[in-house]
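Step one of this worksheet: look at the structure below.
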Amino acid sequence: MKKPTLKAVLGSVSSFLLFFLTVGFIVSCCMMLFVSVLADTTKLSLTAANIGTAAKITFWNVVLITFLFKLADYIRRKIMVERPTKIITAATERIMAGDFSVRIKPMQNSGMEGFNQIATAINQMAEELSGVETLRTDFIANVSHEMKTPLAVMQNYGTLLQAEELSREKRMEYAKGVTEAARRMADMMTNILKLNRLENQQIFAENKEFDLGEQLCESLLCFESLWESNNIRIDTDISEDIKVVADAELLGLVWNNLLSNAFKFTPSGGMVRVSLKSEGDLAVVKVEDTGCGMTPEVGKHIFEKFYQGDSSRAVQGNGLGLALVKRVMDIVKGEISVESKPDEGTSFTVRLRRY
C-alpha cells in the first residue's frame, strides 16, 4: 500500500478546512437568525455568558458534523469511486500489456451505473481486441504456412538445377517448377494486398453503368486456353441488355475468382455453366461446375481468409480468392450464396441491384 504524500495530506487538510468553514458559516448564520427571532418573540435577554456558551457548543457541534460528513464522504469515495477506478485502471493496464482475456465484473450497486457503463464498454473493447489478435495471429500463421510450401519447392528445384549432369529436359522441368512456385507466391502477395486495401477501405467503389453480360463473356474468354486444354465443356445462358450500376473493376475480381475456381476443380470432361438472368430489379449471375463439390461444413467457411476445406487441393490456391469475392460483394452491396454437394459440383449465385 502506498504511503500518502505530503501533497495528498495537505490536500485532505485543506479540503477539510474548506468544508468546515462552509458548514460553520451556514450553521452560524442559521443559529444567529434563530436566536435573534427567538429573542424578539419571547423577550429573552441575551447575556455575554449565554452567547459565549452557545458559541462554544455550536463550534464543537460544527466540528463534529464536519468530521462525520467528511468521514462519510471518504468512505463513499473509497467504495464508490476509488475502488471501481482501481479495478478499471488495472484492467486497462492488462489490456495495454496485451492480455485481452481480462473482463470487469458488472457493478450493480446504486450510484455506480456510470462505472458499470464504462466497464461494459471496456469488456466489449477487450473482446473485440481479442478477436482481432486471434485473426492477426491466424493470418500470420497462415501466410507463413502458405509461403513455406512454394519456398521449399523453389529451394528443392534450385538445388537440383545445380547438378552438372542434368539433362536439358530436366533442367527445363525444374526451372518451370521454380517459376510456378514464384508465380504462386506473387499471386498470394497480390491477393493479400488487394484484400488488405479492401478491408481498410482504401478502395472505394466507382459506380458506373455497364453491360454485365459483356463483362461476363470477356471474363470467360480469359479462360479459353484452360478449358480447351482440360477438355471442359462450356454452357452459357447470358441474357442481353442487362446493365448494372456498379464498379466494373471490382466485379471483374468476382467473376475471375469464381470462374478460376470452377475450372480449377472441374475434372477433364466436366462442364462449367455461366448464366445471367434478370429478376425484378436484380441481376442474377450463376457460376456452376460439375467438379468435386464440398460438404455443408466446408461451405460455411469458404469465404474466410486462407480457409481450404480439402488439404489435398491446397496446392491449387491460397484460400484468399473467395475472401476477396465476399469483401467486394459487401462493398458493392450485393449478395453471394453457394450450393454444393460432394462429387456433384458447386453453384455460386450472385445478386446485384441493376440501378
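In what follows, residues are counted from 1 in the order of the sequence shown. All values below were derived from every heavy atom in this structure, side-chain atoms included, with hydrogens, water molecules and symmetry-related copies excluded.
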Decide, yes or no, whether a salt bridge links Glu288 with Arg273 under the criterion of side-chain N to carboxylate O below 4.0 Å. yes
Trp255 versus Val350: any side-chain heavy-atom pair under 4.5 Å? yes
Donor-acceptor check, side chain of Thr236 to backbone of Val274, threshold 3.5 angstrom: yes or no? no
Check whether any side-chain heavy atom of Phe348 lies under 4.5 Å from a side-chain heavy atom of Ser337, and answer yes or no. no
Start with the C-alpha gap between Leu352 and Leu282, add the side-chain angles, then the distance that decides, and say whether side chain to side chain contact (heavy atoms under 4.5 Å, CB included) holds. CA-CA 5 Å; Leu352 298 167; Leu282 296 178; over 6 Å; no
Is there a side-chain contact between Lys286 and Asp237 in this structure, where contact means two heavy atoms from C-beta onward sitting under 4.5 Å apart? no
Check the pair Phe263, Ile234 against side chain to side chain contact (heavy atoms under 4.5 Å, CB included), reporting the backbone distance first and the verdict last. CA-CA 10 Å; Phe263 289 117; Ile234 302 297; 3.4 Å; yes
Ionic contact status for Lys170 with Glu173, cut-off 4.0 Å: yes
Strictly distance-based, threshold 3.5 Å: is any side-chain N or O of Asn123 a donor or acceptor partner for the main-chain N or O of Ile104? yes
Between Asp330 and Arg327, is any pair of side-chain heavy atoms under 4.5 Å apart? yes
Any idea which heavy atoms bring Arg103 and Glu127 closest together, and the distance? NH2-CA, 3.5 Å
For Val338, the option from Thr349, Val287, Thr346 that meets side chain to side chain contact (heavy atoms under 4.5 Å, CB included): Thr346
If you apply the rule side chain to side chain contact (heavy atoms under 4.5 Å, CB included), what do you find for Phe210 with Gln215, and how did you get there? CA-CA 8 Å; Phe210 64 94; Gln215 187 186 49; 3.4 Å; yes
So, Asp99 side chain and Ile95 main chain: donor-acceptor pair closer than 3.5 Å or not? no
Check step by step if side chain to side chain contact (heavy atoms under 4.5 Å, CB included) holds for Val285 and Ser275. CA-CA 6 Å; Val285 179; Ser275 66; over 6 Å; no
With no hydrogens and no angle check, is any side-chain donor or acceptor of Asn230 less than 3.5 Å from a backbone partner on Ile232? no
Heavy-atom closest contact (Ala246 atom, Leu251 atom, distance): CB-CD1, 3.8 Å
Residue among Leu216, Leu212, Asp211 satisfying side chain to side chain contact (heavy atoms under 4.5 Å, CB included) with Glu214: Asp211
Taking every heavy atom of Arg354 against every heavy atom of Ala283, the minimum-distance pair comes out as CG-N, 3.7 Å
Nearest heavy-atom approach of Arg171 to Ala163 is NH2-O, 3.6 Å
Non-hydrogen side-chain atoms of Asp235 and Val272 separated by less than 4.5 Å: no
Where do Gly158 and Gln162 come nearest, in terms of heavy atoms and distance? O-CG, 3.3 Å
Which pair of heavy atoms, one from Gly345 and one from Ser340, lies closest together, and at what distance? O-OG, 3.1 Å
Is Asp247 salt-bridged to Lys208, going by a charged N under 4.0 Å from an acidic O? no
Does Thr290 reach the main-chain N or O of Gly270 with its side chain, forming a donor-acceptor pair under 3.5 Å? no
